[in-house]
Amino acid sequence: MKHFINLKDIPAKDLRKILIDAKKRKQKRSNLNTLQLDKDAPLKGKLLIQMFEKSSLRTRLSFYLAIKQLGGGTITLRSNELHLGEGGESLEDTAKILSTYGDGFMLRTDSDQKVESFKKYLSIPIINGLSPSSHPTQVLSDIFTVEEIKKKPISKLNIAWIGDSNNVLNSLIAASVKFSFKLSIGCPKKYEPKKFVLNWVKDQKKKIYIFNDAKKAASNADVIFSDKVISLNDKVNRKNKVKDFKNYRVSKKLMSYAKKDCTFLHCLPRGSEVDDAVFRSKNSKVWLQALNRAHVQKSILLYCFGKLR
Ligand code: CP
Ligand code: NVA
């Protein structure tokens, strides 16, 4: 049984296999309507249970489309409506019940420990739909989007991240190691990636480039990523943090340091970290990025269900 919790724990060849499958499936259904099934309907009769402890628009909808197009179905649980959320039932018992009724479990939570505990007690695959330390389905899908737009392997591109060292960046760092691309990060000193992340990169004998200057990080980039300064799990002084990032806003001026055809990507929702002029520019591919979540998550589901060919 394969889980999908952190990119760093998944072999690079499996990640590549997922992307190849997603590309084929996306091409094959170009003339199909939203809820028409892929011809082979490989997850016919399967139930994906989704649980959100935090808000979500894109992850919720894209997993709905993903499992439906593969022939399966989904139900979405809100943690505050469960006995577990009210403290009246153990996680172990909840996990056993989920495994009894469902075939896969997608969890968005503010606790990495909870993902691990579910993994321990479930007898069905678990997919991390965002935790404080990672957002793997988002980032694998973003690799797909970059390669689709640039029409070349991401290993041949300069990727820049301007913003906070959050869950999405942690997954992007893991991806930079797995897919061997150059990653330059622009963030204030105080908000650099955590030691355990940097140590892991070192252990893999790989390198990432960190600048406390947005212009240097953006220089010569093929793609610039950004994300909200304040994440869902942030328990910080919001005003101070936003102020700390005032020189890390993605503006037209900052984009001018990158390559002329530099693509702007953002997982959404957005805050003040990007100017409207960039967000709405022709170089911004954020809507395609959101759409591709559904395509890539289909192949992630197939990987977890042992059906990836
Ligand atoms: N990008 C993303 O995960 O969006 P949601 O929080 O809306 O799911
Ligand atoms: N880093 C953001 C991503 C939202 C999809 C957060 O955790 O809130």
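Both counts, for ligands and for their atoms, begin at 1 and track the order of listing. From a predicted model like this one, the values you see are computed outputs, not experimental measurements. Note that the numbering runs from 1 along the sequence shown for the chain.
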(request) Pull out every atom of ligand 1 sitting under 4.0 Å from any heavy atom of L268, numbered as shown with elements. (result) 1 (N), 2 (C), 4 (O)
(request) Measure from NZ or CZ of K182 to the centre of the six-membered ring of Y209 and say whether it is under 6.0 Å with the direction within 45° of the ring axis. (result) yes
(message) Need the ligand 1 atom indices (1-based, order shown) with element for anything under 4.0 Å from a heavy-atom of S56.
(response) 5 (P), 6 (O), 7 (O), 8 (O)
(message) Residue-level breakdown please: for D164 versus ligand 2, do any non-hydrogen atoms fall below 4.0 Å on the side chain, on the backbone, on both, or on neither?
(response) neither
(request) Applying ring-ring contact (aromatic ring centres under 6.0 Å, His included), name anything that partners F105, two or more places apart in sequence or on another chain. (result) F118
(request) Using heavy-atom distances, let me know which of D227, D234, L232, L169 sits nearest atom 3 (C) of ligand 2. (result) D227
(message) Same cluster or not: F225 versus I185, using hydrophobic residues (I, L, V, M, F, W, Y) connected whenever any side-chain heavy atoms lie under 4.5 Å apart?
(response) yes
(message) Are there over 12 heavy-atom neighbours, none belonging to K178, within less than 6.0 Å of that residue's NZ?
(response) yes
(request) Look only at the side chain of S219 and the backbone of K215, and say whether a donor-acceptor pair between them is shorter than 3.5 Å. (result) no
(message) Tell me whether the NZ or CZ atom of R270 lies within the 45° cone about the ring axis of F279 and under 6.0 Å from its centre.
(response) yes
(request) Consider ligand 1: state whether an atom of it lies below 4.0 angstrom from any non-hydrogen atom of R108. (result) yes
(request) Can you pull out the closest protein heavy atom to atom 4 (C) of ligand 2? Residue, atom name and distance to 0.1 Å, please. (result) L130 CD1, 3.8 Å
(request) Report the part of L268 in contact with ligand 2, treating N, CA, C, O as backbone and CB onward as side chain, heavy atoms under 4.0 Å; options are side chain, backbone, both, neither. (result) backbone
(message) Geometry only, no angles: is R60 polar-contacting ligand 1 at N/O separations under 3.5 Å?
(response) no
(message) Suppose we screen for side-chain contact (heavy atoms from CB on, under 4.5 Å). Which residues come up paired with R29, at least two apart in sequence or across chains?
(response) L32, Q36, D38, Q69, H295, K298
(message) Below 3.5 Å, N or O to N or O, backbone or side chain included: is there any such pair between L130 and ligand 1?
(response) no
(message) Could you check whether R78 makes a cation-pi contact with F52, meaning its NZ or CZ is under 6.0 Å from the centre of the six-membered ring and within 45° of the ring axis?
(response) no
(request) List the closest protein heavy-atom neighbour of atom 4 (O) of ligand 1: residue, atom name, distance to the nearest 0.1 Å. (result) R58 NE, 2.9 Å
(message) With nothing but distance in play, are any N or O atoms of L57 less than 3.5 Å from an N or O of ligand 1?
(response) yes
(message) Counting non-hydrogen protein atoms only, what is the nearest one to atom 6 (C) of ligand 2? Give residue, atom name and distance.
(response) S231 OG, 3.3 Å
